[in-house]
Visitor: 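Take a look at this one; I'll ask things after.
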Amino acid sequence: MTTSLIVANWKLNNAVPEALMLVAGIEAHMKESPNVEVVVAPPFTALYSVGVALSDGTIKLAAQNIFWEEKGAFTGEVSGTLLKDVGCSYVIIGHSERRKYFGETNETVNKRIFAALRNGLVPIMCIGETLEEREGGHTFDVLEKQLKNGLATLQIKDLEHFAIAYEPVWAIGTGRNATSEQIAEAHHFIRNLIAKLYDAPTANGISILYGGSVKPSNAKEIFAQPNVNGLLVGGASLDAKGFCDIIAQSPGQR
Ligand code: PGA
C-alpha cells in the first residue's frame with residue numbers, strides 16, 4: 001500500500017493559541033496509520049509552537065513558502081535554514097495565491113525548490129490552470145509549462161522526495177471541486193510528463209496531490225481516482241473534526 005500524503009494548508013489563519021488548539025484537536029480525532037502521512041502548514045508565526053507541540057507525534061510540519069537565499073539583507077524573507085530550525089520537513093511552493101497576488105513565477109518556483117532541496121525539505125510544488133485557461137482549452141499547455149520551467153535543471157535524484165499538487169485555480173476556495181474525470185486526466189498528464197522528462201520510476205515515486213475545495217463529502221471519490229496520492233486541503237483543514245474525516249477517507253485508512 002502506498003502512503004497517502006494529506007496536507008493542511010492553513011493559509012493566513014490561526015494565531016498561536018488557535019493553532020495549538022487545532023493541532024490538539026487533530027491529534028485527538030485522528031486515527032494513526034503508517035499508510036497516511038499528515039502534514040500541517042501553519043503561518044510562519046505559529047511554526048515554532050506547532051512544531052514543539054507536534055514533536056512527539058507523527059504529524060509533520062510544513063511552511064507555506066521559502067526564500068531562495070540562506071541569509072543576508074532580505075527584509076521580510078524566511079530561508080530554508082530557518083524553516084529547518086523550527087522543525088519543518090515540507091514546504092509548499094508556488095501556490096496559486098502566491099502566483100496571483102505576490103508575483104510568483106515558474107522561475108521563482110524553481111529557485112525555491114532548489115532552496116528546499118538544499119535544506120532537506122520536501123517540496124510540495126503547486127500547479128494548476130485558471131478558469132480562463134481551462135475554458136480556452138489551454139489546461140495541458142499551462143501544466144506542461146509550469147512543470148517544465150518549475151522543474152528546470154532538477155535531476156532524478158532531486159525528485160526522490162517530492163510532491164506535486166494539482167490545484168485548478170477555479171476550484172480553490174470556491175466550493176466547486178474539479179470532477180473525477182478532470183482530476184484523473186490532469187494527474188495522468190502530470191505523471192506521464194514526469195516519466196517523459198525523467199523516467200517511469202521517478203514519475204511513480206512522486207506524490208501527486210489534488211487540491212481545490214476538498215471536503216469530507218468529496219474526499220473519498222477524489223482519493224479513488226487513479227494517480228491521486230493525496231490531498232492539499234485549505235478551508236476544510238481549519239476544522240479538526242472535518243480534517244480528520246477527510247483523512248479517514250484515504251485508502252490508507254479504510
Ligand atoms: P481550499 O484550498 O481547500 O480552500 O479550496 C486549497 C488550497 O488552496 O490549497
Side-chain angles (χ1 to χ4, degrees), residues 4-14 18-19 22 25-26 37-44 46-47 50 59-66 88 90-104 109 112-113 116 121-131 133-134 139 142-143 146-147 150 162-180 182-183 186-187 190 206-223 225 228-250:
S4 301
L5 177 62
I6 306 174
V7 183
N9 177 10
W10 292 358
K11 308 190 181 187
L12 180 46
N13 293 291
N14 293 329
E18 290 96 54
L22 182 50
I26 296 169
E37 170 110 317
V38 176
V39 179
V40 295
F44 285 128
L47 281 174
V50 171
I59 299 175
K60 301 285 195 317
L61 192 65
Q64 299 175 18
N65 194 16
I66 179 174
C88 290
Y90 288 82
V91 56
I92 298 171
I93 294 177
H95 189 280
S96 66
E97 285 149 15
R98 298 221 58 86
R99 294 178 190 259
K100 181 171 172 198
Y101 303 122
F102 303 103
E104 187 83 77
V109 164
R112 293 184 210 277
I113 290 173
L121 295 160
V122 179
I124 303 165
M125 174 195 183
C126 302
I127 59 173
E129 81 287 357
T130 62
L131 188 59
E133 288 162 344
R134 176 162 284 273
T139 298
V142 170
L143 297 181
Q146 289 175 333
L147 277 172
F162 206 94
I164 293 171
Y166 169 60
E167 297 206 300
V169 178
W170 48 272
I172 296 176
T174 57
R176 174 185 169 195
N177 60 287
T179 65
S180 296
Q182 288 167 331
I183 295 171
H187 282 232
I190 293 164
I206 288 185
S207 294
I208 307 179
L209 317 183
Y210 169 77
S213 296
V214 174
K215 39 191 178 265
S217 58
N218 61 18
K220 188 171 177 181
E221 185 179 339
I222 297 172
F223 270 126
Q225 300 315 309
V228 171
N229 308 117
L231 302 171
L232 181 51
V233 188
S237 74
L238 296 173
D239 170 62
K241 171 82 172 55
F243 183 55
C244 291
D245 286 347
I246 291 171
I247 297 169
Q249 312 290 323
S250 84

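The analysis underlying the following values was restricted to heavy atoms, covering all of them including side chains, and did not include hydrogens, waters or symmetry mates. Counting starts at 1 for both ligands and their atoms, following the listed order. All values reported here derive from a predicted model rather than from experimental measurement.
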Visitor: Among the heavy atoms of Lys11, does any lie under 4.0 Å from an atom of ligand 1?
Guide: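 The answer is yes: ligand 1 sits under 4.0 Å from a heavy atom of Lys11.
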
Visitor: Under the 3.5 angstrom rule, does the side chain of Asn218 hit a backbone N or O of Ser213 as a donor-acceptor pair?
Guide: yes

Visitor: Report yes if the side chains of Ile92 and Leu232 come closer than 4.5 Å at any heavy-atom pair, otherwise no.
Guide: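 A side-chain contact under 4.5 Å exists here.
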
Visitor: With a cut-off of 4.0 Å, which atoms of ligand 1 are near a heavy atom of His95?
Guide: 7 (C), 8 (O), 9 (O)

Visitor: A side-chain contact here means heavy atoms from C-beta on lying under 4.5 Å apart; do Val39 and Val122 qualify?
Guide: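 The answer is no; the side chains never approach within 4.5 Å.
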
Visitor: Checking a contact table here: which protein heavy atom is nearest atom 7 (C) of ligand 1, and how many Å away?
Guide: Glu167 OE2, 3.1 Å

Visitor: Does Lys215 use its side chain to pair, donor to acceptor, with the backbone of Gly175 at less than 3.5 Å?
Guide: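 Yes; at least one donor-acceptor contact below 3.5 Å.
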
Visitor: Which atoms of ligand 1 have any heavy atom of Gly212 under 4.0 Å away?
Guide: 5 (O)

Visitor: Kindly assign one of parallel, tilted or perpendicular to the pair His187 and Tyr166, based on the angle between their ring planes and the thresholds 30° and 60°.
Guide: perpendicular

Visitor: Check each atom of ligand 1 against the heavy atoms of Gly234 and keep those under 4.0 Å away; list them by number with element.
Guide: 1 (P), 2 (O), 3 (O), 4 (O), 6 (C)

Visitor: Taking only heavy atoms of Leu232, which atoms of ligand 1 are found under 4.0 Å from at least one of them?
Guide: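 Under 4.0 Å from Leu232, ligand 1 has these atoms: 9 (O).
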
Visitor: Would you call Ala171 a ligand 1 contact, heavy-atom distance under 4.0 Å?
Guide: yes

Visitor: Report yes or no: does Glu129 contribute a side-chain atom to a donor-acceptor pair with the main-chain N or O of Leu143 at less than 3.5 Å?
Guide: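 No: the side chain of Glu129 does not pair with the backbone of Leu143.
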
Visitor: Looking at Gly173, which atoms of ligand 1 are within less than 4.0 Å of one of its heavy atoms?
Guide: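 Close to Gly173: 1 (P), 4 (O), 5 (O).
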
Visitor: Can Ser213 be said to touch ligand 1, with heavy atoms closer than 4.0 Å?
Guide: yes

Visitor: Look at atom 4 (O) of ligand 1 and say which protein heavy atom is nearest, naming residue and atom and giving the distance to 0.1 Å.
Guide: Gly235 N, 2.8 Å

Visitor: Counting only heavy atoms, which portion of Asn9 has something under 4.0 Å from ligand 1: side chain, backbone, both, or neither?
Guide: side chain

Visitor: Could you tell me which non-hydrogen atom of Thr130 sits nearest to which non-hydrogen atom of Trp170, and how far apart they are?
Guide: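 In terms of heavy atoms, the two residues are closest at C-CD1, 3.7 Å.
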
Visitor: For atom CD of Glu221, decide whether the heavy atoms of other residues, nucleotides or ligands shown that lie under 6.0 angstrom number more than 12.
Guide: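 Not more than 12 within 6.0 Å, no.
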
